[in-house]
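See structure below.
Just so you know, ligand 1 is whichever comes first in the structure, and atom 1 is the first atom listed for that ligand. Because the structure is a prediction, the values reported are computed rather than measured.
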Amino acid sequence: MRECNADAPIGVFDSGIGGLTVAREIMSQLPEEKIIYFGDTARLPYGNKSRETIIGYAKQIRRFLESRNVKAIVVACNTASAYALDTLCEDSEIPVVGMIHAGSKVATQVTVNGNIGVIGTSGTTSSGVYKKMMDSLKPGLNVIQKACPLFVPLVEEGLWNSKITDEVARMYLDELKEAQVDTMVLGCTHYPLLKETIARVMGDNVRLVNPAYETARELKEILREEGLLRVNGGRSTGHEFYASDLADKMQEFAGSILTGESINTSKIDITEY
Ligand code: DGL
């Protein structure tokens with residue numbers, strides 16, 4: 001492992017604004033930590049791209065975050081976690097945390113009838129990563145994966161609560177209701193922004209698992225084990241936000257997701273890394 005200092009920042013990245021739902025959880029559970037956030041808005045969406053492409057993007061982003069001397073990286077994107085986490089971890093000198101493990105663990109613990117739904121991008125669901133993880137944690141569960149490709153553009157367009165989103169959610173989720181899932185993982189970091197709509201469509205008896213919350217808890221544990229948890233530093237205020245395109249738009253969204261934080265987003269050319 002590279003020599004790291006607990007005062008160094010944590011790198012967090014996603015294809016766009018979805019990872020801000022993870023940054024929000026990290027800020028709430030680890031308020032003393034400084035975050036360097038990168039949203040790959042120029043190359044969004046990741047969900048319909050190939051494994052090779054996503055691995056290439058993720059390596060560039062890791063180089064950018066390492067150039068900012070981060071002490072850990074959170075892959076705040078399920079698609080990038082599904083395709084690139086192993087590669088990023090293989091030769092990393094710092095901890096790299098993905099989205100799949102923590103959310104899967106909670107889902108396997110809370111299901112009562114053993115029917116678990118996982119919604120995500122086409123990349124995440126076709127990789128089968130959640131099913132494999134859940135099978136390894138608790139064999140014998142019935143894991144039903146459903147791609148919801150229109151959810152990401154709806155979120156990026158700001159249609160978090162709209163009739164169109166309701167209609168699209170019903171189209172995707174009816175199948176999972178019929179399969180009587182009692183637990184459903186929001187397997188894309190954009191989806192917590194549609195939580196109200198998704199909860200309304202699924203009904204009160206379905207427990208929604210937000211891996212963002214669970215991943216922030218896992219990150220805290222890992223930092224503590226590695227002696228990298230920042231303590232007694234006071235609440236961090238100097239978070240940095242970067243986007244590969246449309247930095248102003250990301251700044252606006254970040255303002256509505258991370259209320260109360262002061263946000264300044266800069267555009268960078270990620271292909272230089
Ligand atoms: N937010 C990302 C995820 O968790 C993907 C969105 C996209 O398709 O770019 O999978």
Side-chain angles (χ1 to χ4, degrees), residues 11-26 37-58 60-61 73-88 96-104 107 117-133 145-160 165 168-169 172 184-195 198 208-216 218-219 241-246 249-250 253-254 257-258 270:
V12 178
F13 80 88
D14 179 41
S15 58
I17 61 169
L20 293 168
T21 62
V22 183
R24 179 172 61 188
E25 288 300 340
I26 297 172
Y37 185 88
F38 174 72
D40 202 357
T41 45
R43 305 188 291 199
L44 172 116
Y46 279 10
N48 56 8
K49 296 199 169 64
S50 70
R51 178 183 297 273
E52 295 66 38
T53 300
I54 299 302
I55 289 177
Y57 290 173
Q60 277 178 339
I61 298 166
I73 293 177
V74 177
V75 184
C77 170
N78 289 262
T79 315
S81 300
Y83 284 156
L85 187 68
D86 290 350
T87 310
L88 293 181
V96 183
V97 182
M99 299 301 301
I100 315 295
H101 176 256
S104 298
V118 177
I119 53 172
T121 65
S122 306
T124 299
T125 54
S126 68
S127 75
V129 67
Y130 270 103
K131 183 167 169 37
K132 280 180 219 151
M133 181 66 79
Q145 301 166 95
K146 175 80 185 166
C148 304
L150 291 173
F151 278 175
V152 168
L154 287 167
V155 168
E156 293 278 335
E157 284 304 317
L159 294 166
W160 303 352
T165 309
V168 172
Y172 287 139
M184 195 167 81
V185 179
L186 304 179
C188 170
T189 52
H190 281 70
Y191 297 177
L193 297 168
L194 302 180
K195 198 170 174 188
I198 294 171
L208 300 183
V209 174
N210 176 6
Y213 177 79
E214 315 303 338
T215 300
E218 190 168 283
L219 171 69
F241 298 85
Y242 298 89
S244 49
D245 200 7
L246 301 172
K249 192 173 166 199
M250 196 172 92
F253 275 124
I257 295 168
L258 308 171
I270 193 67

Can you list every pair where an N/O of ligand 1 is under 3.5 Å from an N/O on the protein?
{"from": "ligand 1", "atom 1": "1 (N)", "to": "Asp14", "atom 2": "OD1", "distance (Å)": "3.0"}
{"from": "ligand 1", "atom 1": "1 (N)", "to": "Thr189", "atom 2": "OG1", "distance (Å)": "2.9"}
{"from": "ligand 1", "atom 1": "1 (N)", "to": "His190", "atom 2": "ND1", "distance (Å)": "2.8"}
{"from": "ligand 1", "atom 1": "4 (O)", "to": "Asn78", "atom 2": "N", "distance (Å)": "2.7"}
{"from": "ligand 1", "atom 1": "4 (O)", "to": "Asn78", "atom 2": "ND2", "distance (Å)": "3.1"}
{"from": "ligand 1", "atom 1": "4 (O)", "to": "Thr189", "atom 2": "N", "distance (Å)": "2.8"}
{"from": "ligand 1", "atom 1": "4 (O)", "to": "Thr189", "atom 2": "OG1", "distance (Å)": "3.3"}
{"from": "ligand 1", "atom 1": "8 (O)", "to": "Tyr46", "atom 2": "N", "distance (Å)": "3.3"}
{"from": "ligand 1", "atom 1": "8 (O)", "to": "Gly47", "atom 2": "N", "distance (Å)": "2.8"}
{"from": "ligand 1", "atom 1": "9 (O)", "to": "Ser15", "atom 2": "OG", "distance (Å)": "2.6"}
{"from": "ligand 1", "atom 1": "9 (O)", "to": "Tyr46", "atom 2": "N", "distance (Å)": "2.6"}
{"from": "ligand 1", "atom 1": "10 (O)", "to": "Asn78", "atom 2": "N", "distance (Å)": "3.4"}
{"from": "ligand 1", "atom 1": "10 (O)", "to": "Thr79", "atom 2": "N", "distance (Å)": "3.0"}
{"from": "ligand 1", "atom 1": "10 (O)", "to": "Thr79", "atom 2": "OG1", "distance (Å)": "2.6"}

For the residue pair Asp40 and Tyr46, confirm or rule out a side-chain donor-acceptor distance under 3.5 Å.
-> yes

side-chain contact (heavy atoms from CB on, under 4.5 Å) between Tyr83 and Lys49: does it pass, once the steps are laid out?
-> CA-CA 10 Å; Tyr83 284 156; Lys49 296 199 169 64; over 6 Å; no

Ignoring hydrogens and angles, tell me if any N or O in the side chain of Thr41 forms a donor-acceptor pair with the backbone of Asp245 under 3.5 Å.
-> yes

Distance-only, no hydrogens or angles: does the Thr215 side chain make a donor-acceptor pair with backbone N or O of Ala212 under 3.5 Å?
-> no

Using a 4.5 Å cut-off on heavy atoms from C-beta on, say whether the side chain of Tyr242 contacts that of Ile270.
-> no

Backbone N or O of Gly103 within a donor-acceptor pair of the Tyr130 side chain at under 3.5 Å?
-> no

